Amino acid sequence: MAYNEFAYFYDEFNGAADYEALYTYITNELRSHGVEDGIVADLGCGTGELTLMLAQAGYDMIGIDRSEEMLSVLRDKADAIGMTGRILLLRQDLLYLDLYGTIRAAVSTFDTYNHIGPLENFEKAIAKAAFFMEKDGVFVFDLNTPYKHREILAEQTFDFDEEDASCRWTNHCDEATGRVNLSIDIHYKDTDEDFHEEFSEYSYSLNTVTDLLERYGFKVVKLADGEDFGPVREDSPRWIFTAVKQYTQEEKEDHV
């Protein structure tokens, strides 16, 4: 999934997101596992709020997204705060990730990995992230939970009315496939233009996610609620994982 027109209003419609709390949680996780600096990839960076915050904290950031529109917004933000050239931006699909070298850590937020697709695609994306991760590297990412898809999003419509545009967000849950189909209708107030976009999210059981991380060399060292960063509850709408890579790619190949 790649946002197109919605990219230009993503920040307006995502205004309730507490980036400071998310940034604090993620940097604490990185630093508590020894990642004080080095190369960090933001997988599905979107408009780059977190990418820029981590770059300002001293990390060498790579921002990766399928959407050229999202990356364009991020470039403009970087220009505005004098960070042009300090962040490497790559337009890539996470299923075909190619970082040309290893990374100390990766982050992924706002349910990027739910958008990747059915289970085989999710596994492939985990494998790709693992391939480029150094030993003891840290992967912090979130996922919308099956509870959220089933009890919060399913069959619901959400309306947003902002200064520049209005948006109607409609959700339909197919429990048989674990997929939520989402449609977005955007109305630009200044130009009176309308745009329609559709995409899907998938959810996975906690055991499935943990098993896949272990299969590709990660150990889950912490799991928290992805909204308040406290303990996970049965009705947690989002999980946030901290996983640490247990071996290098070369060590894995030596044991095959």
Side-chain angles (χ1 to χ4, degrees), residues 1-3 7-8 10-11 14 17-116 125-143 218 221-222 226 229 240-245 248-249:
M1 184 279 297
Y3 290 122
Y8 300 112
Y10 180 86
D11 288 335
N14 202 35
D18 190 343
Y19 280 102
E20 286 291 342
L22 180 62
Y23 163 79
T24 298
Y25 182 86
I26 287 177
T27 51
N28 285 342
E29 288 301 293
L30 295 179
R31 289 167 180 164
S32 68
H33 295 285
V35 183
E36 302 277 351
D37 53 22
I39 300 173
V40 177
D42 190 346
L43 305 177
C45 61
T47 61
E49 287 293 311
L50 182 62
T51 318
L52 292 168
M53 295 170 83
L54 290 170
Q56 290 172 311
Y59 292 103
D60 300 319
M61 295 302 299
I62 306 174
I64 302 160
D65 206 282
R66 283 181 57 188
S67 170
E68 180 56 41
E69 289 82 1
M70 286 287 196
L71 295 175
S72 177
V73 174
L74 174 47
R75 288 189 195 96
D76 290 343
K77 289 182 181 180
D79 289 345
I81 61 174
M83 297 194 70
T84 303
R86 291 185 56 189
I87 301 171
L88 175 62
L89 299 182
L90 300 176
R91 184 184 180 189
Q92 289 189 8
D93 187 322
L94 298 186
L95 295 177
Y96 306 99
L97 188 67
D98 191 349
L99 298 182
Y100 318 109
T102 58
I103 56 176
R104 288 285 291 118
V107 300
S108 186
T109 56
F110 296 106
D111 47 271
T112 292
Y113 272 71
N114 292 102
H115 288 295
I116 286 173
I126 293 291
K128 280 291 187 180
F131 183 85
F132 294 101
M133 188 75 66
E134 295 178 7
K135 183 179 181 180
D136 299 321
V138 181
F139 187 17
V140 183
F141 71 101
D142 68 19
L143 286 172
F218 288 108
V221 295
K222 187 174 181 180
F229 308 111
I240 188 163
F241 296 81
T242 303
V244 176
K245 188 72 183 301
T248 66
Q249 183 63 24

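Because the structure is predicted, anything quoted here is derived from the model rather than measured. One is the number of the first residue; the rest follow in order along the sequence. Computed over heavy atoms, backbone and side chain alike; hydrogens, waters and symmetry mates excluded.
- Contact check for Ile39 versus Leu99: no side-chain heavy atoms found under the 4.5 Å cut-off.
- Nearest heavy-atom pair, Gly63 versus Leu71, reported as atom, atom and distance to 0.1 Å: O-CD2, 4.2 Å.
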For a side chain to side chain contact (heavy atoms under 4.5 Å, CB included) check, start with the C-alpha distance between Val140 and Leu30, then their side-chain angles and the critical distance, and finish with the verdict. CA-CA 8 Å; Val140 183; Leu30 295 179; 4.3 Å; yes

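- Scored by the side-chain hydrogen bond (donor to acceptor under 3.5 Å, both in side chains) test, Asp42 finds Thr51 as partners (sequence neighbours excluded).
- Looking only at distances, a side-chain donor or acceptor of Lys245 sits under 3.5 Å from a matching main-chain atom of Ala130.
- Legend: residues meeting side-chain hydrogen bond (donor to acceptor under 3.5 Å, both in side chains) with Thr24, ordered by chain and number and at least two apart, are absent.
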Test log, rule side chain to side chain contact (heavy atoms under 4.5 Å, CB included), inputs Asp111 and Leu143: CA-CA 5 Å; Asp111 47 271; Leu143 286 172; over 6 Å; no

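- Pairs engaging residues 20-68 under the ring-ring contact (aromatic ring centres under 6.0 Å, His included) rule: Tyr25-Phe229 [sequence neighbours left out].
- Thr109 meets the side-chain hydrogen bond (donor to acceptor under 3.5 Å, both in side chains) test with no other residue; sequence neighbours excluded.
- Residues satisfying the salt bridge (Lys or Arg N to Asp or Glu O under 4.0 Å) criterion with Asp142, sequence neighbours excluded, are Arg238.
- Taking the ring pair (Phe, Tyr, Trp, His ring centres under 6.0 Å) definition, one finds that Phe218 meets it with Phe139, sequence neighbours left out.
- Annotation: side chain of Met133 is not in contact with side chain of Arg104 (no heavy-atom distance under 4.5 Å).
- Within the structure, salt bridge (charged side-chain N to carboxylate O under 4.0 Å, His left out) pairs that include any residue of residues 22-41 comprise Glu29-Lys222 (at least two apart or interchain).
- Classification of the Tyr113-Phe141 ring pair by plane angle, with boundaries at 30° and 60°, yields tilted.
- Under the 4.5 Å side-chain criterion, counting only non-hydrogen atoms from C-beta, Ile103 is not in contact with Glu134.
- Panel note: side chain Ser32, backbone Asn28; a donor-acceptor pair is recorded below 3.5 Å.
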Please tabulate, for side-chain N and O atoms in residues 87-98, each donor-acceptor pair with protein atoms closer than 3.5 Å (sequence neighbours left out).
unit_1, atom_1, unit_2, atom_2, d
Arg91, NE, Arg66, O, 3.1
Gln92, OE1, Asp98, N, 2.9
Gln92, NE2, Asp98, O, 3.0
Asp93, OD1, Leu95, N, 2.8
Asp98, OD1, Tyr100, N, 3.3

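- Contacts of Met83 classified as side-chain contact (heavy atoms from CB on, under 4.5 Å), with partners at least two apart in sequence or in another chain: Leu52, Ala55, Gln56, Ala78, Ile81, Arg86.
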Apply side chain to side chain contact (heavy atoms under 4.5 Å, CB included) to the pair Leu54 and Val107, showing each step before the final yes or no. CA-CA 10 Å; Leu54 290 170; Val107 300; 4.1 Å; yes

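- Looking at heavy atoms from C-beta onward, Val138 lies in side-chain contact with Thr242 at the 4.5 angstrom threshold.
- Of all heavy-atom pairs between Asp65 and Gly46, the closest is OD2-N, 2.8 Å.
- The side-chain hydrogen bond (donor to acceptor under 3.5 Å, both in side chains) check on Asp79 picks up Thr84, with sequence neighbours excluded.
- Counting heavy atoms from C-beta on, the side chains of Cys45 and Leu74 come closer than 4.5 Å.
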